[in-house]
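Okay, so here's the structure we're looking at.
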Amino acid sequence: MVMSPPLQTLNSVLADRVTLHQLRVFAVAARHGSYTRAAEELCLTQPTVSMQIKQLAQVVGMPLFEQVGKKIYLTQVGKELSSACQEIFERLAQVEMTVADLKGMKQGYLKIAVVTTAKYVIPRLLGPFCRRYSGVDVALEVTNHRGIMERASDNQDDLYILSQLPTDIDFKAYPFIENPLVVLAPRSHPLAQERNIPLERLAQETFIMREMGSGTRRAVQKLFDEHKMQIKVKLELASNEGIKHAIVGGMGISVLSAHTIAIDGEGSDLVVLDVQHFPIQCHWYVCHLAHKQLSVVAQTFLTYLQTEGKQLLGMNSSGLKNHLPVSHHDFANNPTG
Ligand code: PGA
């Protein structure tokens with residue numbers, strides 16, 4: 001019966017005199033139970049495999065395989081060495097993954113597409129993230145709801161941020177923060193001082209609306225449809241900033257995300273009207289295609305948004321609060337939902 005030498009002794013001998021290449025050749029031969037198949041897998045000749053294993057056995061001082069008929073079997077020492085090899089190569093693979101992850105963080109590329117309303121928030125959160133992971137390059141696409149749907153259908157990005165989850169795209173969605181839609185008017189507007197304005201009264205005003213394909217527009221349309229009311233659209237504009245200027249210019253009133261005005265500060269020429277059924281309580285989601293294997297960078301950014309990102313926005317919620325009518329301040333006290 002072949003006795004296995006103590007592992008401690010084996011290790012010390014092997015550490016000095018055995019190469020990783022020899023261990024790898026041996027491990028593959030042990031897995032296949034065949035020198036020929038090991039040679040095929042490793043793209044070596046069969047005599048090379050045989051030579052490497054012979055040299056290894058000489059260092060160990062015991063045979064690693066025994067031949068019975070045409071087959072080879074691991075000896076007890078061979079079994080012990082085989083299991084040690086498994087541990088060594090598993091650990092090396094783990095180290096390799098860690099290195100890949102770290103490299104990923106240093107050299108990663110992050111592709112995000114966000115709805116137009118989220119552009120007021122996401123770039124601010126990207127700053128601290130990119131400072132921490134200085135090797136991460138970011139491509140940020142800003143488009144409307146329909147644009148996001150098209151990009152997601154083509155699997156163009158790592159992450160998407162939007163309010164209205166589609167039914168025809170298999171998304172994994174993580175609630176991010178509230179996105180209240182508010183009625184905006186110029187400061188001089190006759191309704192500016194009114195409270196609890198009925199929707200019917202609002203319907204008498206002329207509106208500046210976002211373009212078709214905008215999620216904001218769809219949410220406003222839905223509310224009016226539910227109340228069987230028409231919106232008098234005077235102007236269509238595919239830009240939140242453009243709409244704000246058009247409101248100040250007296251073209252009409254509009255409904256936009258409260259985030260679009262939070263950044264303007266106290267001196268804004270716009271006022272939020274206190275209208276029944278408003279704000280429309282939308283919620284942003286961070287999403288990715290359900291079948292997509294997220295890169296390390298994308299996963300890290302997703303986690304960052306849900307933790308520190310929310311906190312950072314929470315700290316800045318006063319900007320949002322200042323732009324909501326008094327009766328809606330409760331929302332701004334808890335903007336992260
Ligand atoms: P959008 O945004 O109006 O730019 O399409 C809608 C949303 O918040 O999902």
Side-chain angles (χ1 to χ4, degrees), residues 112-126 139-154 156-184 207-226 231 233 235-247 252-264 270 272 277-289 302 305-306 309-310 313 317 319-320 323-324 328 331-332 335-337:
I112 320 166
V114 305
V115 283
T116 65
T117 50
K119 79 171 179 189
Y120 297 89
V121 164
I122 297 304
R124 274 192 284 149
L125 297 181
L126 275 173
L140 175 65
E141 180 75 22
V142 180
T143 179
N144 67 15
H145 178 87
R146 185 186 288 162
I148 297 280
M149 294 302 99
E150 286 166 5
R151 294 182 70 85
S153 303
D154 288 346
Q156 288 192 46
D157 310 278
D158 297 309
L159 296 171
Y160 301 93
I161 295 178
L162 72 161
S163 289
Q164 293 160 29
L165 294 174
T167 48
D168 55 343
I169 294 180
D170 195 6
F171 264 146
K172 222 169 174 172
Y174 306 84
F176 180 38
I177 56 168
E178 301 284 350
N179 175 36
L181 305 183
V182 293
V183 185
L184 295 177
F207 271 75
I208 308 161
M209 284 289 266
R210 285 285 306 278
E211 77 288 1
M212 297 298 280
S214 149
T216 307
R217 178 180 180 135
R218 206 160 73 169
V220 180
Q221 190 67 57
K222 184 165 168 272
L223 178 72
F224 276 75
D225 286 350
E226 279 166 8
I231 308 174
V233 180
L235 174 67
E236 263 189 27
L237 251 179
S239 152
N240 297 316
E241 288 305 301
I243 288 179
K244 282 158 60 179
H245 287 294
I247 297 170
I253 61 169
S254 189
V255 178
L256 291 179
S257 162
H259 291 281
T260 65
I261 50 164
I263 206 153
D264 294 344
L270 297 168
V272 176
H277 309 292
F278 281 90
I280 301 174
Q281 293 292 5
C282 296
H283 208 107
W284 279 324
Y285 296 88
V286 190
C287 308
H288 60 82
L289 293 174
L302 174 60
L305 285 182
Q306 290 182 289
K310 277 185 175 183
L313 294 173
S317 67
L320 211 53
H323 289 284
L324 288 175
H328 298 305
F331 156 74
T336 57

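First listed ligand is number 1; within each ligand, the first listed atom is number 1.
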Element-labelled atoms of ligand 1 that are located less than 4.0 Å from some non-hydrogen atom of [X]:
X: Thr116; result: 1 (P), 4 (O)
X: Trp284; result: 8 (O)
X: Arg210; result: 1 (P), 3 (O), 4 (O)
X: Asn144; result: 4 (O), 5 (O)
X: His145; result: 5 (O)
X: Asn179; result: 8 (O)
X: Ser163; result: 7 (C), 8 (O), 9 (O)

Heavy atoms only: give me the nearest Met212-Asn144 pair and the separation to one decimal.
O-ND2, 3.9 Å
Nearest heavy-atom contact between Gln164 and Ala219 is NE2-CB, 3.7 Å
Distance, nearest 0.5 Å, that separates CG of Leu256 from CE of Met209
10.0 Å
Which word best sums up how the rings of Phe207 and Phe224 line up, parallel for under 30°, tilted for 30 to 60°, or perpendicular for over 60°?
perpendicular
Any N or O of Thr216 that comes nearer than 3.5 Å to an N or O of ligand 1?
yes
Are any of the N/O atoms in Gly215 less than 3.5 Å from those in ligand 1?
yes
CZ/Arg151: more than 12 non-hydrogen atoms of other groups inside 6.0 Å:
yes
Nearest protein heavy atom with distance in Å, relative to atom 2 (O) of ligand 1
Val115 CB, 3.3 Å
Under 4.0 Å between a Lys/Arg side-chain N and an Asp/Glu carboxylate O for Arg217 and Glu236?
yes
Can the ring centroids of Tyr160 and Phe171 be said to lie less than 6.0 angstrom from one another?
yes
